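Every number for a ligand or one of its atoms is a count from 1 in the order of the listing. Just so you know, these numbers come straight off a predicted model, no measurement behind them.
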Amino acid sequence: MSYGRGWRVNHLVVLALCLSAIWIFMYYVAYGTGITSTDTREVRQQEQLQERLQKVTMMLKDNHRSLEKLKSDIMDYRGNLLNKLRSEISSQLKATEVPMIAKEPAAPQQMEKVVKEEVIEKVVETESPHVAEDETVIPIVITACNRPSVSRCLDRLFEVRDDKVDQFPVIVSQDCGHKDTETVLRGYGDKITYVKHDPEPVPGGVSSHMVGYYKISSHYKFALTQAFEHFPKADAIIILEDDIEVSPDFLSYFLAMYKLLNEDDSLWCASAWNDNGLTDIVDGTEKGAELLYRSDFFPGLGWLLKRSIWEKELSSKWPPGFWDDWMRDPAQRKERACIRPEVSRTSTFGKTGVSGGQFFDSHLKFIKLNDYSVDWSSKDLSYLTKDNYDRTFKERVYGLPLLTIGEIIENKMPDAREVRIEYATAQTFKDVAKKLHLMTDFKAGVPRTAYMGIVTTLYKGRRVFISPPENWKGYDEKWS
Ligand code: UD1
Ligand code: MN
């Protein structure tokens, strides 16, 4: 069979068309399937990811729960151990200290009466002619709970108070209803005014290991109120805790601070405490004992509070928990400063307390307690008022040679006895602070002991100022 040329061309055209159609069909099928499979793969991947995410979230939640459980088990275990330890200590104390107690332990109802009588006696005593007209009376209030070793705090305080009994009357407020501690306190007879706080219920939802901070806060409000009420003529009080020991010049220091605070409204407290006051990084010389600073960080741990600040500002809005951090909030601090010493005038022996012993072992026990008897009444402290201090301090710091932390550690420029390191971020501050053995945390954006953002310390005997850039605009509350 023969075919004509036209037929062949037609055939070829048809064939070409068929091939194109097949190719187009295959292309679309292939392409279409490609899209579909990519889509499906992505969807599947997303589903798998979501599944994994859910699993991880569940695991995290479980871990969190186990962690919380573990924490509360540890706290319970710790509590049990503490109670055991306490009862051992109290039975030892009973054996040794009960004979010193002057009064017969009274029945509960009688006790209340005794408390009231003591209070009345004391109020009368404070306003008696024993106190010279012009003599400032500064009561000392001590919060106690379940430490019979509060005697260590009191005995040391009485030792440094010597004969200034009427000028610095002592009021101890006891929380927790701990019998052995009460027995120890009552043993002091009329050397102290004893008041008792009935613990208030802690707000619901507070986790077990935070409860202590709420108890402390509500007790503080009671204790401070009592102190100001029992000594109506006092314009300020000194606040101590039962596990605090004081330095020889503790009272002389606070008397001078009282006068200073009355001259400068930009000061709202004076504290005995240097948060970075570790033995190796403070100036432990006789001259060092006289060094004082302004600080934007509220230190607590032995501090002076003016009646006006308590009555007009703090008492009505006192927080249910974490009172010390609340004091550090800008709403309370209002850009005011505290005075703090180079070498602490208090130290704490409360290893086992609400915050636990770890911080005590790693930091608190290394805080140096001043042992010089500085006569603060003879010192001119006018350099500490804001008007005199700020410009001088800034000029001093920003005029110093600027070194890096590495250069400080290598002791570069050994002849420069004062140097400066700069930080511009929270992390840089933390890194530097860590290397210099300083506390690295911030409260409301303020590093411990900082004034105008500047923290000072000693490193291998030379003074170092860790400062923000000179054009610093203020603390950043987001720094934490
Ligand atoms: C830490 C602080 C402390 C602060 C407290 C609250 C240090 C070294 N101590 O307490 O200055 O007041 O956090 O933020 O940084 N207390 C009660 N009721 C209680 C438990 C304790 O009144 O239920 C009293 C104690 O007797 C003591 C004071 O609160 O006077 C502090 O208790 P403590 O157990 O010593 O806790 P810290 O961890 O030192
Ligand atoms: Mn304590």
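Looking at Ala144 against ligand 1, only its backbone comes within 4.0 Å, counting heavy atoms. Neither the backbone nor the side chain of His197 comes within contact range of ligand 1; no heavy atom lies under 4.0 Å. Only side-chain heavy atoms of Trp323 come within less than 4.0 Å of ligand 1; its backbone N, CA, C and O stay farther off. Looking at Leu301 against ligand 1, only its side chain comes within 4.0 Å, counting heavy atoms. Only the side chain of Asp175 comes within 4.0 Å of ligand 1, judged by heavy-atom distances. By the criterion of a heavy-atom distance under 4.0 Å, both the backbone and the side chain of Asp242 are placed next to ligand 1.
Look at Gln174 and you'll find every heavy atom at least 4.0 Å from all atoms of ligand 1. Ligand 1 is never approached by Phe322 to a heavy-atom distance shorter than 4.0 Å.
Using a 3.5 Å distance cut-off with no hydrogens or angles, the side chains of Tyr213 and Ser355 do pair a donor with an acceptor. Residues Tyr451 and Asp390 have side chains that bring a donor and an acceptor to within less than 3.5 angstrom of each other.
Atoms of ligand 1 found under 4.0 Å from any heavy atom of Asp243 (numbered from 1 in listed order, with element): 35 (O). The atoms of ligand 1 that sit less than 4.0 Å from any heavy atom of His219 are 17 (C), 22 (O). Close approach of ligand 1 to Cys176 (heavy-atom distance below 4.0 Å) involves ligand atoms 18 (N), 19 (C), 23 (O). For ligand 1 and Leu364, the ligand atoms under 4.0 Å from any heavy atom of the residue are 8 (C). Taking a cut-off of under 4.0 Å to the non-hydrogen atoms of Ser355, the atoms of ligand 1 that pass are 1 (C), 10 (O), 37 (P), 38 (O). Those atoms of ligand 1 with a heavy atom of Gly353 less than 4.0 angstrom away are 34 (O).
A distance of 4.5 Å separates CG of Asn274 from CZ of Arg340, quoted to the nearest 0.5 Å.
For a threshold of 3.5 Å applied to N or O pairs, the pair formed by Thr348 and ligand 1 contains no separation below that value.
Of all protein N/O/S atoms, those lying under 2.8 Å from the Mn ion (ligand 2) come to 1.
Every pair passing disulfide (SG to SG under 2.5 Å) that includes a residue from residues 269-323 is listed here, sequence neighbours excluded: Cys269-Cys338.
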